[in-house]
**Student:** 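Right, I'll just put the structure down here and ask away after.
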Amino acid sequence: MTTGQFVSPNLDLRETLQVRYGADMTLGLPSDVADALDILLGTKDATHRALRRQVPYLRVSGRCTCGCGTTYFDLDTEAVLAAPSPAGTVVAAEAQLYDVEEHCIGEVLVFARNGYLSWLEVCSMSDSTVTLTDALQMLRS
């Protein structure tokens, strides 16, 4: 399949990227980050769909050194359209994280700046660090 052809809406974001652009297109984006964006950026919301179209153009510019999984992005804004979003930095998507006892222990947020994906943040609400791997397990359950 080549760029621009129809891709089934039943594929997740990583599968869609591989179908449209080949397996090497996800090399710039670690699988944990791609999975988190796939979960957080749904397909029903127009802004989320526009942000999902930016994912193939994302590159990681840095990650938090504490081990939480927060990831900062570089994006060629000339290659993609901005998502419909207010000016400035906004939380484009978020999910709270709960432990087995149903206590909120953190959250994962996707930030956009002026309509472009900017960073993925993993926040802990306790002294222990919630990693992106932990967050993905909680979001999938």
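For clarity, every value in this text was computed on a predicted model and none was experimentally measured.
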**Student:** Under a 3.5 Å distance rule, please check whether Asp35 uses its side chain to pair with a backbone N or O of Asp32 as donor and acceptor.
**Tutor:**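 Not confirmed, Asp35 side chain does not pair with Asp32 backbone.
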
**Student:** Looking at every non-hydrogen atom in both residues, tell me the closest pair between Ala83 and Gln54 and how far apart they are.
**Tutor:** N-NE2, 3.7 Å

**Student:** To the nearest 0.5 Å, tell me how far Asp134 CG sits from Asp99 CG.
**Tutor:** 11.5 Å

**Student:** What's the separation between atom CG in Leu120 and atom CG in Leu40, rounded to the nearest 0.5 Å?
**Tutor:** 7.0 Å

**Student:** Only one of Thr43, Asp45, Asp38 forms a side chain to side chain donor-acceptor pair (under 3.5 Å) with Arg52, so which one is it?
**Tutor:** Asp38

**Student:** How far does CZ of Phe111 sit from CD of Glu121, to the nearest 0.5 angstrom?
**Tutor:**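 Phe111 CZ to Glu121 CD: 5.0 Å, rounded to 0.5 Å.
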
**Student:** Atom CG in Leu37, atom CG in Leu51: separation rounded to 0.5 Å?
**Tutor:**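 Here the interatomic distance stands at 9.0 Å.
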
**Student:** Hey, any chance Ile39 and Leu132 share a hydrophobic cluster, counting ILVMFWY side chains that come within less than 4.5 Å of each other, even indirectly?
**Tutor:**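 Yes, it is one cluster - the side chains of Ile39 and Leu132 are joined through contacts under 4.5 Å.
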
**Student:** List the atom of Gly115, the atom of Ser85, and the distance in Å for their closest heavy-atom pair.
**Tutor:**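 Here Gly115 and Ser85 meet closest at CA-CB, 3.9 Å.
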
**Student:** Please step through side-chain contact (heavy atoms from CB on, under 4.5 Å) for the pair Met138 and Tyr98, ending with a clear verdict.
**Tutor:** CA-CA 7 Å; Met138 288 178 238; Tyr98 296 91; 5.8 Å; no

**Student:** Rounded to the nearest 0.5 Å, how far does CD of Gln96 lie from CD1 of Ile105?
**Tutor:** 11.5 Å

**Student:** Identify all side-chain donor-acceptor contacts of residues 66-75 below 3.5 Å with residues at least two apart in sequence or on another chain.
**Tutor:**
| residue | atom | partner | partner atom | Å |
| --- | --- | --- | --- | --- |
| Thr70 | OG1 | Val122 | N | 3.0 |
| Thr71 | OG1 | Arg63 | NE | 3.1 |
| Thr71 | OG1 | Arg63 | NH2 | 3.4 |
| Thr71 | OG1 | Gly69 | O | 2.8 |

**Student:** Let's go through Met125 and Glu107 carefully: what are the C-alpha distance in whole Å and the side-chain angles of both, what is the deciding distance for side-chain contact (heavy atoms from CB on, under 4.5 Å) to 0.1 Å, and is it a yes or a no?
**Tutor:** CA-CA 8 Å; Met125 295 187 185; Glu107 59 186 342; 3.9 Å; yes

**Student:** For residues Trp119 and Leu58: do they belong to one hydrophobic cluster (side chain heavy atoms under 4.5 Å, members Ile, Leu, Val, Met, Phe, Trp, Tyr)?
**Tutor:**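 As far as the 4.5 Å side-chain criterion goes, Leu58 and Trp119 are not connected within one cluster.
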
**Student:** Should Pro30 and Val60 count as side-chain neighbours, where that means a heavy-atom distance under 4.5 Å?
**Tutor:**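 Side chain of Pro30 against side chain of Val60, heavy atoms only: contact under 4.5 Å found.
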
**Student:** Do Val90 and Leu109 belong to the same hydrophobic cluster, where Ile, Leu, Val, Met, Phe, Trp and Tyr are linked whenever their side-chain heavy atoms lie under 4.5 Å apart, directly or via other members?
**Tutor:** no

**Student:** Apply side-chain contact (heavy atoms from CB on, under 4.5 Å) to residues Val130 and Val108 and explain how you reach the verdict.
**Tutor:** CA-CA 10 Å; Val130 176; Val108 182; over 6 Å; no

**Student:** Salt-bridged, Arg59 to Asp76, with N to O below 4.0 Å?
**Tutor:**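 Salt bridge flag = no for Asp76 with Arg59.
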
**Student:** Classify the side-chain pair Ser128/Ser126 by whether it contains a donor and acceptor separated by less than 3.5 Å.
**Tutor:** yes

**Student:** Working to the nearest 0.5 Å, report the span between CG of Leu136 and OG1 of Thr133.
**Tutor:** 6.5 Å

**Student:** Under a 4.5 Å cut-off applied to non-hydrogen side-chain atoms, are Val91 and Val110 in contact?
**Tutor:**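 The answer is no; the side chains never approach within 4.5 Å.
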
**Student:** How far apart are the closest heavy atoms of Thr47 and Pro84, and which atoms are they?
**Tutor:**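 Closest approach of Thr47 to Pro84, heavy atoms only: OG1-O, 3.1 Å.
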
